[in-house]
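Below is one structure; the comments refer to it alone.
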There are 2 protein chains.
Amino acid sequence: MEISERKKRILAAVVDEYIATAEPVGSKLIAQKSGLSVSSATIRNELAELTSMGYLEQPHTSAGRVPTAQGYRMYVNELMDRHRLSIEETEEINRSMQLKIQQLDKMMSDVGRIAAEMTDYPALALAARQSATIKRFDLIYVDSNTFIIVALLSTNAVKNRLMHLPFSVDAMMVQKLSTVFNASFCGITEDQITPILISSTERSTGDTMGLVAAIAGFAIEVLSEEKSSQAVIAGKAKLLRLPEYQDPVKAHSLMNYLSDSEHLAKLQGMDFGNDVKVIIGPENVAEELRDSSVVLAKYDAGDGTQGLIGVVGPTRMDYSKVAAKLSYIAEGLSKALTGSKPMPGFGALMIPDNTMDKSKG
Amino acid sequence: MEISERKKRILAAVVDEYIATAEPVGSKLIAQKSGLSVSSATIRNELAELTSMGYLEQPHTSAGRVPTAQGYRMYVNELMDRHRLSIEETEEINRSMQLKIQQLDKMMSDVGRIAAEMTDYPALALAARQSATIKRFDLIYVDSNTFIIVALLSTNAVKNRLMHLPFSVDAMMVQKLSTVFNASFCGITEDQITPILISSTERSTGDTMGLVAAIAGFAIEVLSEEKSSQAVIAGKAKLLRLPEYQDPVKAHSLMNYLSDSEHLAKLQGMDFGNDVKVIIGPENVAEELRDSSVVLAKYDAGDGTQGLIGVVGPTRMDYSKVAAKLSYIAEGLSKALTGSKPMPGFGALMIPDNTMDKSKG
DNA sequence: ATTAGCACTCAGAGGCAGTGAGTGCCAGCA
DNA sequence: TGCTGGCACTCACTGCCTCTGAGTGCTAAT
């Protein structure tokens with residue numbers, strides 16, 4: 001059945017109102033607020049039809065209407081007017097991003113925190129999951145039983161480790177290890193670091209003290225870390241502010257779910273049409289998310305790979321505003337990470353703040 | 001007024017029971033469980049006195065007794081039998097520590113997570129706040145417009161940053177910068193990095209591209225970071241499991257408070273008698289913590305400075321068990337960070353797992 | 001097609017009695 | 001003198017009832 005223009009306006013009004021108040025919406029209110037000059041009785045008829053079409057539902061007979069998942073879906077796809085970020089909003093975002101995105105390693109958690117702060121919902125950040133390799137290895141000799149390992153990964157993240165040894169090594173040995181590791185451990189993935197490779201490296205360096213094994217262990221660790229645990233969530237406590245999570249059991253279940261980065265990681269690898277994806281309540285695969293919605297935006301992480309940022313909230317979420325903000329943050333992030341060199345670390349200090357400003361006046 | 005031996009046993013029984021059930025405790029139950037062979041009427045008399053002495057209170061006339069803060073204080077100071085960790089418990093802790101404490105930078109958050117997991121309460125970790133200095137600087141030349149800065153701090157943390165430049169530099173220049181920075185930026189604190197120092201460094205390197213400023217900016221950043229934001233909290237969601245935080249308003253207020261690391265940092269700098277400190281409900285300075293308790297254990301972070309780990313929970317907390325676990329974790333942490341070289345990163349790979357085992361069979 | 005009017009529904013609030021866990025106190029007993 | 005059994009009392013909690021009011025669906029009139 002086709003949905004009339006008037007029905008659309010009414011549905012949109014119901015959703016808007018419900019988003020704002022979290023209370024079932026009655027016909028009288030709609031009659032006032034929708035801008036349609038018809039009586040509440042007319043609205044009632046329309047509401048009844050929208051209900052039978054599955055866009056709305058009633059908590060009980062004598063209550064107002066509440067949007068169903070299908071109703072939200074329609075709203076998101078067709079009805080909502082896209083929120084235009086105000087200058088203040090963009091500036092606020094720019095300011096936080098400027099400050100925060102300096103260090104590639106911490107980027108994830110910072111971006112998460114920014115998104116949470118900007119949207120006032122818990123926010124997540126997922127890094128593009130990819131099999132990283134080590135681009136180059138450096139060992140820095142500190143003193144006779146200390147050196148630092150520095151590894152530059154293919155993802156451009158830099159990892160380090162201070163190694164304190166129970167015995168002495170000389171600078172020569174460190175130098176030698178560095179050369180050998182650069183030759184044999186660069187460009188390979190985690191699972192290519194085999195015991196065979198390690199023992200052959202031990203032989204070629206003449207190491208009998210387990211140094212090679214320790215460094216290889218570090219390599220394995222950073223590579224697997226890069227591949228997996230790249231999901232963070234920030235601002236979980238913000239859920240408790242919302243009426244839909246006043247039930248501690250519900251809140252706990254969702255928070256628990258969100259606390260586990262393995263769960264979050266599953267959001268990666270969704271198929272993605274345009275830049276922002278909205279997953280409404282029951283559309284979620286995970287049981288725990290069934291009465292919450294997720295809004296995701298993808299960002300370009302360079303090398304053609306992409307990551308995600310997103311927020312989690314009640315199905316009654318201000319989709320329009322959240323989507324706009326996320327998409328803006330994602331855009332800024334993409335720019336920072338790819339195209340526009342200089343890299344953020346440098347750019348933030350060198351270049352005033354035009355990295356992202358031009359996208360919106 | 002002196003408190004009799006029997007009163008002590010009764011008080012201890014009340015606290016134990018209340019810790020376990022979160023329900024007001026009645027005289028009958030105590031008569032059964034305390035092991036004293038007296039009737040409930042006798043217990044009632046004793047309870048009445050304990051109440052008038054301020055150790056217990058009644059939520060209402062016809063309810064059982066609940067310990068007051070003073071009651072808990074007495075319990076913690078004198079009555080509770082110190083929990084002895086079982087072999088399984090120590091082993092579980094050892095195992096997680098072994099796995100996690102490898103990288104000094106991430107140590108804080110890992111330790112927090114371990115403590116939260118082990119105690120089942122939200123846990124915090126505070127680093128010893130100290131003015132760090134840079135021990136040594138290394139610039140690693142990657143390609144003509146990329147290099148990595150590596151700084152080893154006085155705290156033994158290693159920080160890095162990938163610098164991507166909008167222009168070319170040659171390896172020689174990088175080398176030169178490295179030398180100059182090592183000479184003039186090592187051993188100084190954040191506030192000693194002045195514009196004057198920067199411009200004089202610029203002159204001595206002949207840098208006109210802002211490279212020196214960028215590197216100095218990195219130095220300032222890591223030093224201030226090391227000094228300040230060294231507080232993490234993990235497992236906040238665990239609060240929601242507890243009956244005392246079923247009220248979403250209360251839970252939200254506490255979680256919010258805990259989310260701000262500035263608040264947590266205030267716990268640092270408490271005076272500390274023995275190794276574990278218990279702060280019960282109203283003894284807390286912060287309003288938000290007034291009906292929660294905090295258990296803190298200090299660890300030795302080397303250089304004579306010390307950090308804290310702790311958990312936050314309801315006043316009805318299993319102090320004994322929590323204290324025992326925290327203290328064990330703190331002890332292991334101290335060992336890992338100081339005395340017993342090798343450092344964890346290496347030790348974890350080289351030395352089976354005797355770093356901490358001997359403290360308890 | 002729209003609307004005014006009306007009967008109907010039902011969650012939620014407020015009031016009220018019954019229940020039971022727990023208390024305080026007293027009188028009797030060791 | 002201290003302990004105990006007994007008893008009256010208190011009061012949160014529960015279930016039950018009624019009342020209220022927001023909101024509905026339907027119908028007849030416009």
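Every chain is numbered from 1, with letters handed out A, B, ... down the list of sequences.
Separating the CG atom of L47(A) from the C1' atom of dT24(D) is a distance of 10 Å, rounded to the nearest angstrom. Put simply, CD on E57(B) is 16 Å from C1' on dG22(C), counting in whole angstrom units. In this structure, E46(A) atom CD and dT24(D) atom P are separated by 13 Å, rounded to whole Å. Atoms CD (Q58(A)) and C1' (dC8(C)) sit 13 Å apart, rounded to a whole Å. Per the geometry, CD1 belonging to I10(A) stands 12 Å off P belonging to dT24(D), to the nearest Å. Across the protein-nucleic acid pair, E17(B) atom CD and dA21(C) atom P stand 16 Å apart, rounded to whole Å. The CG-C1' distance, from L50(A) to dT24(D), rounds to 15 Å in whole Å. Rounded to whole Å, atom C1' of dG2(D) lies 14 Å from atom CG of L36(B).
Under 4.0 angstrom from either OP1 or OP2 of dG2(D) there lies no side-chain N or O belonging to R6(B). For S62(B) and dG20(C), the shortest distance from a side-chain N or O to OP1 or OP2 is not below 4.0 Å. Between T61(B) and dC11(D), a side-chain N or O to OP1/OP2 separation shorter than 4.0 Å is present. A sub-4.0 Å separation between OP1 or OP2 of dT4(D) and a side-chain N or O of S39(B) is present.
The main-chain N or O of R290(A) is never found under 3.5 Å from a side-chain atom of N284(A) such that the two would form a donor-acceptor pair. The backbone N or O of E92(B) lies less than 3.5 Å from a partner atom in the side chain of S96(B), making a donor-acceptor pair. K277(B) places no side-chain N or O within 3.5 Å of a backbone atom of A297(B) that could act as its donor or acceptor partner.
Contact of T42(B) with dC3(D) (side chain to base): no donor-acceptor pair of N or O atoms is detected under 3.5 Å.
Between E283(B) and R73(B) there is a salt bridge, since at least one side-chain N of the basic residue sits less than 4.0 Å from a carboxylate O of the acidic one. Salt bridge K298(A)/D275(A): absent, no basic N to carboxylate O contact under 4.0 Å.
Using a 30° and 60° split on the angle between ring planes, Y18(B) and Y72(B) fall in the tilted class, from 30° to 60°.
Position along DNA chain D of the nearest nucleotide to H60(B) versus T51(A) favours H60(B) as the more 5'-ward residue.
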Letter per nucleotide, 5' to 3', of nucleotides 25-30 of chain C [B base touched, S only sugar-phosphate touched, - untouched; heavy atoms, 4.0 Å]:
B-----
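At a threshold of 4.0 angstrom between heavy atoms, the contacts of S27(B) are confined to the sugar-phosphate backbone, with no base atom among them.
Atom NZ of K236(B) is separated from atom OG of S259(B) by 3.5 Å, given to the nearest 0.5 angstrom.
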